[in-house]
Amino acid sequence: MKSYKKESINKVLSLIIPVYNEEHNIIPLIKEISEKISTNYIAFIIYDFEEDSTLKKSKEIQGEYDNIFFIKNKFEKNVIGAFKTGFDISETEYIVPIMADLSDAPETINIMLPKIKEGFDLVIASRYMPGGDKIGGPKLKKFLSKRLNLTLKNITKLKVHDITNAFIIYKKESIKSIDIQSKGGFEITMEIIAKAYENNWKISEVPTINRERNSGTSKFRILKWSLNYLYWFVYILKVDFKKRLL
């Protein structure tokens, strides 16, 4: 696989793509990204182990695209480590994680990028604001996600429709200023938004259509990660309480 050199980058946007055995999804994703994202970008496919089946497609992908690199996760071997690796190596002004399972709509980035350039620190692709939607997937997962988001929106001053979607565009200097504590899974998104709220970052949202994965098995684990989500739920409540006292 070809190596990545930071000093050679002349792009506006970095895409972080965590993978775990996404052999059947990765090429359709890369094609969709190349067809639907209108800005110039660099993409980092972050993998944990050399045995990951996604790597079977590395020669094919890198033979056709010179802006895509396969990078080994250098932190904990999970999605959080992949995010941290991507945040660490990205040198573009804006950074956005996008899932390899084809659940995220790449064309939403064409709306997110102009929005963040208005002066926001992060812009969330929201499934639950007007114009957004979540199509398919387990009903329990969707119910719990919507309920969590609605509860926080209604009882706090954090008026965000979707704090559990990882499809977010960040300003480089903002996201790199956060010391990420999460150790489990996608609660990293709640942590980042919680700390953004705490630090008075400028937060915005745009609608997106999220789809159920096209192939393979979801890595989302409701029971395993529930306590992690609860921790950041309570954290946001504490931050909100302090803000109300000011």
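Both backbone and side-chain heavy atoms feed into the values below; hydrogens, waters and symmetry mates do not. By convention here, the first residue in the shown sequence is residue 1.
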**Asked** Is the Phe83 ring parallel, tilted or perpendicular to the Phe87 ring (thresholds 30°, 60°)?
**Response**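 Correct class here is perpendicular.
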Between the main-chain N or O of [Y] and the side-chain N or O of [X], is there a donor-acceptor pair closer than 3.5 Å?
X	Y	value
Asp240	Ile236	no
Glu22	Asp101	no
Lys139	Gly136	no
Asn21	Ser53	yes
Lys171	Ile95	no
Ser58	Leu55	yes
Asp133	Ile209	no
Asn78	Lys183	yes
Asp104	Met99	yes

Applying side chain to side chain donor-acceptor pair (under 3.5 Å), can you list everything that pairs with [X], at least two apart in sequence or on another chain?
X	result
Lys77	none
Glu23	none
Ser126	Glu205
Ser34	none

Would you say [X] and [Y] are hydrophobically clustered, going by side-chain heavy atoms of ILVMFWY under 4.5 Å?
X	Y	answer
Trp232	Tyr128	no
Val123	Val12	yes
Phe44	Phe49	no
Ile178	Phe75	no

**Asked** Which other residues belong to the hydrophobic cluster containing Phe241, where Ile, Leu, Val, Met, Phe, Trp and Tyr are joined when side-chain heavy atoms lie under 4.5 Å apart, directly or via other members?
**Response**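 When side chains under 4.5 Å apart are linked, the cluster holding Phe241 also contains Leu245.
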**Flag side-chain contact, heavy atom, 4.5 Å: Thr189 against Ile163** =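 A side-chain contact is absent here, since even the closest heavy-atom pair is not under 4.5 Å.
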**Prompt:** Is the shortest side-chain N to carboxylate O distance from Lys242 to Glu198 below 4.0 Å?
**Reply:**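 Salt bridge flag = no for Glu198 with Lys242.
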**Lys72 bridged to Asp48 by N-O distance under 4.0 Å** =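 A salt bridge is absent here (no side-chain N lies under 4.0 Å from a carboxylate O).
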**side chain to side chain contact (heavy atoms under 4.5 Å, CB included) partner of Tyr170, the single match among Ile192, Val96, Asp121** =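 The option that passes is Ile192.
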**Message:** Run the side-chain hydrogen bond (donor to acceptor under 3.5 Å, both in side chains) test on Asn210 and Lys134 for me, step by step, so that the C-alpha distance in whole Å, both residues' side-chain angles and the decisive distance to 0.1 Å come before the verdict.
**Reply:** CA-CA 5 Å; Asn210 183 274; Lys134 167 67 178 175; 2.7 Å; yes
**Message:** Counting only heavy atoms from other residues, nucleotides and ligands, does the tally under 6.0 Å from CZ of Arg244 exceed 12?
**Reply:**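 Check passes, neighbour count above 12.
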**Prompt:** Taking everything shown except Lys172 itself, do over 12 heavy atoms lie less than 6.0 Å from its NZ?
**Reply:**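 Enclosed.
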Pair up each side-chain donor or acceptor in residues 61-69 with any protein partner under 3.5 Å, not counting sequence neighbours, and list the distances.
| unit_1 | atom_1 | unit_2 | atom_2 | d |
| --- | --- | --- | --- | --- |
| Gln62 | OE1 | Lys2 | N | 3.2 |
| Gln62 | NE2 | Ile68 | O | 3.2 |
| Asn67 | ND2 | Tyr41 | O | 3.0 |

**Item:** Reported NZ-to-CD1 distance for the pair Lys84 and Ile89, which is rounded to 0.5 angstrom
**Value:**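 Rounded to the nearest 0.5 Å, the NZ-CD1 separation comes out at 14.0 Å.
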**Message:** Once rounded to the nearest 0.5 Å, what's the spacing between atom NZ of Lys31 and atom CD1 of Ile26?
**Reply:**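 The CD1 atom of Ile26 is 12.5 Å from NZ of Lys31, to the nearest 0.5 Å.
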**Exercise: identify the closest heavy-atom pair between Ile98 and Pro106** =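 Result for this residue pair: CD1-CG, 4.0 Å.
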